[in-house]
Amino acid sequence: MRLLIFILLSLVGETLWAQPPIQKRYVNLAHFNHLYQNVTLENGVEVGTIYIYCEAPDYRVISDFDEGFTCVDDVSRAAMFLLHEPDLSADQDKQLKLQKMTEFVLQLQATSPDSVAGYYYNFLWPQRTINKTFRTSIASANFWSWRAFWFLTEAHPYFLKHNSLLAERIGKANEKLLAVMLRDFGAKPATYTTIRGVQVPTWLPFGSGSDQAAIMLLGLLNSYLQKPDSNVLKLIEQLGNGIVAMRFGGPGQFPYGAILSFENYWHAYAADQSYALQRAGKLLNKPEWQAVARQEINLFYPYLIRQGYMESFELKQVGNERRLFKRGQFPQIAYGIRPMISAALEAYEQTRDLKYADMAGRLASWFLGKNAAKTPIYDPATGRGYDGILSPKKVNPNSGAESTIESLWAFQQLERYPAALKALEKYK
């Protein structure tokens with residue numbers, strides 16, 4: 001039955017991407033291509049990379065002293081973006097870049113020691129060696145491993161059709177990571193702890209990391225549909241229930257159905273929980289998960305817009321009341337807006353309720369100047385996604401990988417839905 005669902009979904013996806021080409025695109029790969037570079041690793045393998053940092057005013061690419069010049073986090077996102085380009089089947093340059101970036105991700109999977117084998121290192125030094133020691137690069141159960149897994153499970157069906165040898169290697173890499181995910185998370189008890197009076201789960205990454213759990217969930221859904229497994233299904237349910245447990249408030253009650261990111265803390269970046277819950281809820285027939293996601297979209301997103309968006313806040317329980325404890329409005333970045341657009345578009349895809357297309361268009365107008373700084377944060381003429389809004393009077397003009405890819409990804413998704421594009425024209 002699951003395999004039948006997967007086949008049907010694949011056919012739907014092929015039909016979707018076979019739509020007539022968009023006459024005018026917001027997506028522009030000029031700066032993406034500027035950040036991209038083929039490099040040869042010390043083992044002689046050529047891979048595709050994306051420079052993390054790119055500085056104004058001349059937009060030269062640079063490296064970082066502590067980390068490196070490229071990372072699995074950004075290359076996985078960039079490859080995911082290319083994987084879903086509507087003209088991928090006709091564009092050999094995009095196909096080659098996709099293959100080379102996939103190779104990069106595969107090369108950074110740890111093979112030893114056993115405690116971390118299967119997880120991914122994150123950064124590459126300019127000397128073309130892997131950074132295996134810095135805290136944001138060690139092979140571990142962290143964002144970069146989940147993002148690699150999401151991308152590789154998403155890409156596996158494509159490479160089965162176009163490069164069977166690479167598909168076989170992807171399959172083995174996914175099996176290795178899945179094994180350690182099940183080992184490290186599959187048997188965690190459903191217990192809770194209390195932070196500033198707020199009860200949160202302890203069985204997600206870092207205890208209550210629903211932001212990371214959402215990315216794990218997206219990769220696990222792909223894995224389960226490709227190869228049904230009862231242990232994988234159990235882990236999906238554990239993670240989904242943990243994300244739901246991080247939802248607080250409701251109609252008239254702060255924080256209006258927001259899904260906290262970690263402990264008693266919400267941040268805009270990586271807030272893919274509502275997108276992931278809707279995907280999982282639809283595929284596994286869990287309407288209660290979909291309802292939680294849509295409450296956040298229906299109540300919390302409008303609140304954020306009225307507030308001029310936020311970067312973060314902390315929640316504090318006082319008696320029977322939950323209150324805003326600390327609030328941060330800046331910086332505001334593309335990675336904080338794109339997840340909301342993804343969630344709103346998924347709600348529109350599932351319900352065909354135009355209010356969600358309207359919400360997606362309104363959120364996307366942030367990129368084009370409807371923001372606190374009244375300044376465009378994405379430039380369709382150059383394809384640059386700028387590194388964020390620092391205050392109502394200051395924008396970071398640099399244009400690195402994350403900002404550019406998240407901006408392109410937002411508009412790529414938006415371009416699939418004429419109703420959302422129409423809404424964007426209204427709000428921009």
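Because only heavy atoms are used, hydrogens play no part in the values below, and waters and symmetry mates are left out as well, while side chains stay in.
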Which distance, rounded to the nearest 0.5 Å, do you find between the [atom1] of [X] and the [atom2] of [Y]?
X    : Y    : atom1 : atom2 : value
L98  : M80  : CG    : CE    : 11.0 Å
L182 : D229 : CG    : CG    : 7.0 Å
L239 : M216 : CG    : CE    : 5.0 Å
I243 : L260 : CD1   : CG    : 12.5 Å
L277 : I259 : CG    : CD1   : 5.0 Å
L220 : N231 : CG    : CG    : 11.5 Å

Q) Under the side-chain hydrogen bond (donor to acceptor under 3.5 Å, both in side chains) criterion, do T202 and T191 qualify, and how do the steps go? A) CA-CA 6 Å; T202 61; T191 57; 2.5 Å; yes
Q: If the plane angle is over 60° it's perpendicular, under 30° parallel, otherwise tilted; pick one for Y335 and Y269.
A: tilted
Q. Under 30°, 30 to 60°, or over 60°: which ring-plane class applies to Y51 and F69, parallel, tilted or perpendicular?
A. tilted
Between [X] and [Y], do the side chains contain an N or O donor and an N or O acceptor separated by less than 3.5 Å?
X    : Y    : result
E349 : Y417 : yes
E67  : N131 : no
Q107 : N43  : yes
D358 : Y427 : yes
N298 : Y356 : yes

Side-chain atoms of residues 379-388: list all donor-acceptor pairs with protein atoms under 3.5 Å, sequence neighbours left out, distances to 0.1 Å.
residue	atom	partner	partner atom	Å
D379	OD1	A381	N	3.0
D379	OD2	T382	OG1	3.0
T382	OG1	R384	N	3.3
D387	OD1	G400	N	3.1
D387	OD1	S403	OG	2.7

Donor-acceptor contact present, side-chain [X] to main-chain [Y], <3.5 Å:
X    : Y    : result
Q109 : G118 : yes
N122 : D73  : yes
E263 : R196 : no
N371 : W366 : yes
S76  : W144 : no
T70  : L124 : no

Where do [X] and [Y] come nearest, in terms of heavy atoms and distance?
X    : Y    : result
V198 : L315 : CG2-O, 3.8 Å
Y121 : A139 : CD2-N, 3.4 Å
Q99  : N163 : OE1-ND2, 3.7 Å
A420 : L345 : CB-CD2, 3.9 Å
S223 : L178 : OG-CD2, 3.6 Å
Q273 : S261 : NE2-CA, 3.9 Å

Under a 4.5 Å cut-off applied to non-hydrogen side-chain atoms, are [X] and [Y] in contact?
X    : Y    : result
W203 : Y192 : yes
L424 : L368 : yes
E103 : L166 : yes
F104 : T49  : yes
H267 : D211 : yes
D64  : F134 : no
Q317 : T194 : no

With a 6.0 Å cut-off on the ring centroids, do [X] and [Y] count as close?
X    : Y    : answer
F300 : Y256 : no
W409 : F81  : no
Y378 : Y26  : no

Return all side-chain donor-acceptor pairs below 3.5 angstrom for residues 150-160, not counting sequence neighbours, or 'none' if the list is empty.
residue	atom	partner	partner atom	Å
W150	NE1	E154	OE1	3.4
T153	OG1	F149	O	2.8
T153	OG1	W150	O	3.0
T153	OG1	N222	ND2	3.1
E154	OE1	N222	ND2	2.8
E154	OE2	H84	NE2	3.0
H156	NE2	A167	O	3.2

Q: Give the intermediate values and the outcome of side chain to side chain contact (heavy atoms under 4.5 Å, CB included) for residues L82 and L29.
A: CA-CA 10 Å; L82 284 187; L29 271 74; 3.8 Å; yes
Q.
Set out, in order, the CA-CA distance, both residues' side-chain angles and the distance that settles salt bridge (Lys or Arg N to Asp or Glu O under 4.0 Å) for R77 and E402, then state yes or no.
A. CA-CA 8 Å; R77 272 187 279 207; E402 180 180 279; 3.1 Å; yes
Any salt bridge linking [X] with [Y]? Criterion: basic side-chain nitrogen under 4.0 Å from a carboxylate oxygen.
X    : Y    : result
D272 : R338 : yes
E237 : K286 : yes
R25  : E415 : yes

Q | From Q278, K282, Q350, Q295, residue fulfilling side chain to side chain donor-acceptor pair (under 3.5 Å) relative to Q290 | A |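 Testing Q290 for a side chain to side chain donor-acceptor pair (under 3.5 Å) against Q278, K282, Q350, Q295 leaves exactly one candidate, Q350.
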Q. With E314, which residues qualify under salt bridge (charged side-chain N to carboxylate O under 4.0 Å, His left out), at least two apart?
A. none
Q) Is NZ or CZ of K97 both nearer than 6.0 Å to the six-membered ring centre of Y36 and within 45° of the ring axis? A) yes
Q.
Would V61 and H34 count as a side chain to side chain contact (heavy atoms under 4.5 Å, CB included) here? Give the steps.
A. CA-CA 9 Å; V61 293; H34 173 63; 4.1 Å; yes
